[in-house]
2 protein chains.
Amino acid sequence: MGSDFQIQMNEFLPLRDVVFNTLRQAILTGELKPGERLMEIHLANKLGVSRTPIREAIRKLELEGLVTMIPRRGAEVAQITEKSMSDVLEVRRAVDALCVELACERISEEELEALKTACDNFEDAVNSGDVKKIAQADVALHDIIVRATGNQRLVQLVNTLSEQMYRYRFEYIKDVSQHRSLVEEHRVIYESILKKDKATASDAAKLHIDNQEKTIIKQIRLEREKR
Amino acid sequence: MGSDFQIQMNEFLPLRDVVFNTLRQAILTGELKPGERLMEIHLANKLGVSRTPIREAIRKLELEGLVTMIPRRGAEVAQITEKSMSDVLEVRRAVDALCVELACERISEEELEALKTACDNFEDAVNSGDVKKIAQADVALHDIIVRATGNQRLVQLVNTLSEQMYRYRFEYIKDVSQHRSLVEEHRVIYESILKKDKATASDAAKLHIDNQEKTIIKQIRLEREKR
DNA sequence: AGTACAATCTTTGTATACAAAAAACAAAAA
DNA sequence: TTTTTGTTTTTTGTATACAAAGATTGTACT
């Protein structure tokens, strides 16, 4: 056993991008833990490539905030603190509100249809109780909204911010007591986008983030206690 | 003559970071023009380093959206289109609104004092008519607000977004007819932060961006006509 | 036993080497 | 003249080499 993230060679990408994706995935899933050092030769051997693509991947992870550089010491996986997470969530609250507002203006008929389906799928997933399935349905739903804004920069920004929360995505889903309100919140968002009611949509989106924040911060405090 | 961005060796940073800063500056000031190819050996010779730090710098510029990678062809300076710019401005409108709202909640007495001074300085700069001085005073003022949010992630985001607008920062200042309203807008923002009046502050910030947007989009259309 | 110091081993930062893909160019055929 | 094809050149993608900074370990000395 032991942590065994492997490179998937099926891609036809430069190695640096393959490495970048592999390392990012490993960090997001927690396979590489915060504070863990990213040693180039070690990673190069593990992934069967030279140091060059490893380094270039690390440069990108650095800019993305997923790793921290320590001068003359190299890279390590960035620490997640309560402060850094609430900073992220604070930004996301505003950005998600913007997303639904723009969606009100610009969503197409097809996208509205897809959003309705995504809402139903989410409800089904919740009823099934399968955490993984719920998380997936949740992502799909939000993805439709973000893309409906037609703003590429916004799509990218939401992705980057989501990334930081990725490790905690199951926590707020595991809490079964919240399930009904999650379904309800999604419903409200869908309905208000349908009615082009920006104010309600925006409030619902913010509430949605607030609820996630509570769970995530609780989780971080729990993790800290353990140490 | 010819474009001569030189590396500044005074720094005590890894070469990749020096190169990164140098290239970014060159792109932002327009010394490297959109569409221009970034050839590694060429840049390496010009800056007197090897290809390695150049490549690592390019990886970061790539993630920042300042350069575009073309497979097996290398990097080129990202094109600025009307769409990409209005995408940026759309996000900035929301983000700047968030900044002033958070500033209302969290600004310290010292920062409020500094903000007042920055407002006065801006007015002085406008009266002097010196475009460079005005731009500087403008940046200083907004910097105080953003930092007053105490949100590191937000500071970084605003910087990245500002970067995209950097090339046009003079345009909306050159338009003398707007000067009085710029001073007035800053005044309103200051007053409303002082009174913790989020709604007014937020509206003023949005208006501020709207005005910039008009000028910038006009400028982009002008540039396109020329071609 | 504990501390200081030297030798060694790691690991990064930077440069260079080499192969393969793409572009540019030239020559030959239609 | 135009098109096609083969060759050369350029440029990227990846690997490796080497030096310098840091960490570690072991040993001598107090």
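Every chain is numbered from 1, with letters handed out A, B, ... down the list of sequences.
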Exercise. From dA21(C), dA15(C), dT14(D), pick the nucleotide closest to the side chain of Pro53(A)?
Worked result: dT14(D)
Problem set entry | Minimum-distance nucleotide (side-chain atoms of Glu56(B) versus dT14(C), dA15(C), dG13(C)) | dT14(C)
Problem set entry | Distance test, side-chain N/O of Arg73(B) to OP1/OP2 of dA21(C), below 4.0 Å | no
For this session: Using atom CZ of Arg59(B) as one end and atom C1' of dT14(D) as the other, report the distance to the nearest whole Å.
Result: 12 Å
Problem set entry | Protein-nucleotide distance (Arg55(B), atom CZ; dA15(C), atom C1'), rounded to Å | 14 Å
Problem set entry | Interatomic distance, Ile54(B) CD1 vs dT14(C) P [rounded to whole Å] | 11 Å
Problem set entry | Assigned partner base of dA30(C), Watson-Crick or wobble definition, under 3.5 Å | dT1(D)
Problem set entry | Basic-acidic side-chain contact under 4.0 Å: Asp124(A), Lys133(A) | no
Seminar exercise, completed: When rounded to whole Å, the CZ to P distance for the pair Arg16(A) and dT12(D) reads 10 Å
For this session: Report yes or no: is there a donor-acceptor pair, N or O only, under 3.5 Å between the side chain of Arg51(A) and the base of dG13(C)?
Result: yes
For this session: Take the protein atom CG of Asp17(A) and the nucleotide atom P of dT14(D), then report the distance between them rounded to whole Å.
Result: 9 Å
Problem set entry | Value in whole Å for how far the P atom of dA21(D) lies from CD1 of Ile70(A) | 19 Å
Problem set entry | Parallel, tilted or perpendicular: rings of His208(B) and Tyr172(B) (30°, 60°) | perpendicular
Exercise. Does the side chain of His142(B) reach to within under 4.5 Å of the side chain of Val158(B), using non-hydrogen atoms?
Worked result: no
For this session: Would you mind checking if Lys83(A) and Asp87(A) are paired as a salt bridge, meaning a charged N to carboxylate O distance below 4.0 Å?
Result: yes
Problem set entry | Distance in angstrom units between Leu15(B) CG and dG13(C) P, rounded | 11 Å
Exercise. How is Leu38(A) classified with respect to the nucleic acid when contacts are heavy atoms under 4.0 Å: base, sugar-phosphate, or nothing?
Worked result: sugar-phosphate
Seminar exercise, completed: Closest to the side chain of Thr52(A), out of dA15(D), dT12(C), dA22(C), is dA15(D)
Exercise. Any ion pair linking Lys206(A) and Glu101(A) (charged N to carboxylate O, less than 4.0 Å)?
Worked result: no
For this session: For Glu40(B) and dT14(C), give me the distance from atom CD to atom C1', rounded to whole Å.
Result: 15 Å
Exercise. Is any side-chain N or O of Ser50(A) closer than 4.0 Å to OP1 or OP2 of dT14(D)?
Worked result: no
